Amino acid sequence: MIHPLEQLRHSAWTPMTVAGAGFVLAVVGWPVTAAVYGVDPALAMVVTVGHSVAAVLAVRWPWAGLSLAIPAAAATMLVTTAAPATLPWPWPVTSLIAHCLTLAVLAVCHRWYWSISAWAAGALLTFLALVLTPPRGLLTNGVVLVAVSGAVVLLGLMVRQWILIAGQVEKAQSLSAAEARRRRELEERNRIARELHDVVAHSMSVITVQAGTARYRIDGLGEQTEREFEDIAASSRQALGEMRSLLALLRTEESEGRLDTVPMPGLVDVGDLVEASRASGTQIACTDVAELSAVVEVPPTVGLVVYRVVQEALSNALRHAAGAAITVSITPDAPTSENPALLVEVANTAPSATTEAMPGSGMGLAGLRERVMSLGGAVAASPTDDGGYAVRARIPLTDPVPT
């Protein structure tokens with residue numbers, strides 16, 4: 001959040017407003033100083049413009065405004081010394097107003113010592129004029145300068161403090177709103193986690209127990225059937241483990257910090273994924289990922305995305321193309337170039353079974369595209385010429401996570 005005073009100083013309206021006020025003072029003060037005080041028009045223009053420019057400079061650079069305001073005030077006193085005793089001196093009215101404008105800008109836009117220094121310098125100039133010139137009704141004009149300029153400084157400091165307090169209140173309100181939003185998000189995530197645990201995790205636990213104890217509960221199971229139940233139990237245990245990791249992430253605000261502590265699958269786990277999918281009786285040909293891992297260095301983030309692409313594509317093929325043969329291909333693309341990548345393709349032939357396809361949520365491919373695009377890659381999914389379907393992804397090997 002931008003500091004309110006910084007926002008005030010850098011806003012275009014602040015210097016424009018001060019410049020407008022300074023222009024009016026210069027336009028009025030120049031002829032008044034020249035005609036009423038009998039000052040040469042050129043000198044009158046210089047001293048009046050100096051006062052106005054000092055106020056404009058003080059918006060951004062307090063030292064520049066202070067350095068110009070005091071010499072301009074001293075010059076005004078010198079060029080108007082010969083004025084009649086009936087006129088206000090050493091502070092003509094226009095000069096006093098211009099000086100107060102500079103004090104107000106310094107008090108509102110900068111720390112207190114700038115405006116106090118400018119006020120003290122003005123008072124000192126008045127005292128010196130009183131000492132170095134003959135008495136001419138100077139005391140009244142000096143008292144007016146000290147009192148009015150002091151009131152301007154005090155008012156400016158009060159305005160500055162009000163702006164600071166308003167900024168702190170706004171910041172506190174923003175933090176409170178952000179905290180309330182985070183609390184609502186955490187409550188919603190906890191609710192989702194509870195629903196997942198009650199619906200999915202419980203069902204997966206039942207499947208795991210039933211498949212793992214089938215060999216003891218059912219007599220006469222053959223070796224192949226027992227192996228089938230063991231594969232089902234292993235797959236459900238893996239899914240249950242990933243579900244528990246997801247629940248742990250959903251139940252905490254520091255999900256990004258805990259991501260590294262949660263075991264995530266990678267490229268080397270694609271072989272186990274394919275092997276588990278073969279347990280359904282589907283013919284699946286797959287690239288030797290162990291050999292590929294020995295040749296190509298794959299960052300963990302990229303390996304996780306490759307695993308998820310193959311997992312989603314296999315799930316879609318098993319769900320929508322019963323009896324089809326599936327090919328999983330993972331090959332390096334331009335490994336010697338500056339932008340190496342992995343080409344992942346999961347294709348299935350036309351389904352041979354006439355069973356009705358299992359319904360899906362339709363969000364799997366969208367999620368894949370988000371994952372792959374987050375690494376700078378691309379995903380394409382389309383039917384093939386032989387009536388099958390293919391999912392192709394190009395995933396850069398550059399890990400986007402800074403080390």
Side-chain angles (χ1 to χ4, degrees), residues 4-5 8-9 14-15 17-26 28-29 32-33 36-37 47-81 83 85-133 135-167:
L5 292 175
L8 178 66
R9 284 195 294 268
T14 303
T17 302
V18 175
F23 176 77
V24 172
L25 288 173
V28 175
V32 168
T33 305
V36 177
Y37 286 83
V47 295
T48 53
V49 170
H51 274 297
S52 301
V53 173
V56 177
L57 292 177
V59 175
R60 295 284 184 87
W61 306 286
W63 56 268
L66 179 59
S67 300
L68 183 58
I70 301 306
T76 302
M77 294 179 184
L78 290 176
V79 298
T80 58
T81 303
T86 57
L87 294 177
W89 190 87
W91 291 94
V93 175
T94 54
S95 175
L96 189 150
I97 296 175
H99 184 66
C100 289
L101 176 63
T102 303
L103 292 177
V105 172
L106 290 173
V108 173
C109 296
H110 303 285
R111 300 293 295 274
W112 60 270
Y113 47 79
W114 290 108
S115 57
I116 296 297
S117 299
W119 175 82
L124 179 61
L125 283 177
T126 305
F127 175 76
L128 293 176
L130 174 64
V131 172
L132 300 177
T133 59
R136 48 179 294 174
L138 173 65
L139 184 60
T140 301
N141 185 263
V143 171
V144 170
L145 178 278
V146 173
V148 172
S149 60
V152 169
V153 170
L154 181 61
L155 180 61
L157 293 176
M158 292 175 61
V159 171
R160 174 184 172 86
Q161 191 64 25
W162 177 81
I163 293 175
L164 288 174
I165 294 174

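In this chain, residues are counted from 1 in sequence order. Source: prediction; values computed, not measured.
- His99 is listed as a side-chain neighbour of Ile70, based on a closest heavy-atom distance under 4.5 Å.
- From Arg60, atom CZ reaches atom OG1 of Thr14 across 8.5 Å, with rounding to the nearest 0.5 Å.
- When every heavy atom of Val105 is checked against every heavy atom of Val18, the shortest pair comes out as CG2-CG2, 3.9 Å.
- One finds the NE2 atom of His110 at 10.0 Å from the CH2 atom of Trp61 (value rounded to the nearest 0.5 Å).
- The OG atom of Ser149 lies 13.0 Å from the CD1 atom of Ile97; values are rounded to the nearest 0.5 Å.
- Although no hydrogens or angles enter the test, the distance criterion places a donor-acceptor pair under 3.5 Å between the side chain of Ser52 and the main chain of Thr48.
- Asn141 contributes a side-chain N or O that, together with a main-chain N or O of Trp91, makes up a donor-acceptor pair within less than 3.5 Å.
- Side chain of Ser95 to main chain of Pro92: no donor-acceptor pair is present (N/O by atom type, distance under 3.5 Å, no hydrogens or angles).
- The 12-atom threshold is not exceeded at CH2 of Trp119, counting heavy atoms of other residues, nucleotides or ligands nearer than 6.0 Å.
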* To do: With side-chain contact (heavy atoms from CB on, under 4.5 Å) as the test, would you mind laying out the steps for Leu68 and Val53 before giving the verdict?
  => CA-CA 8 Å; Leu68 183 58; Val53 173; 3.7 Å; yes
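- Here the straight-line distance linking atom CG of Leu103 with atom CG of Leu154 works out to 12.0 Å at 0.5 Å rounding.
- Between Leu57 atom CG and Leu106 atom CG the span is 10.5 Å, to the nearest 0.5 Å.
- Taking all atoms of both residues into account, the shortest heavy-atom contact from Leu145 to Ala123 is CD1-N, 4.4 Å.
- In this structure, the side chains of Leu125 and Pro90 stay at 4.5 Å or more apart for every pair of heavy atoms.
- The two residues Gly50 and Ala72 come nearest to each other via the heavy atoms C-CB, 4.0 Å.
- Between the side chain of Trp114 and the main chain of Leu66, no donor-acceptor pair closer than 3.5 Å is present.
- Within a 6.0 Å sphere centred on CZ of Phe23, heavy atoms belonging to other residues, nucleotides or ligands number 12 at most.
- Side chains of His51 and Thr102: a donor-acceptor N/O pair is absent below 3.5 angstrom, by distance only.
- When all heavy atoms of Val148 and Cys100 are compared, the pair lying nearest together is CG1-SG, 3.9 Å.
- Side-chain contact check for Thr33 versus Thr76: every heavy-atom pair is 4.5 Å or farther apart.
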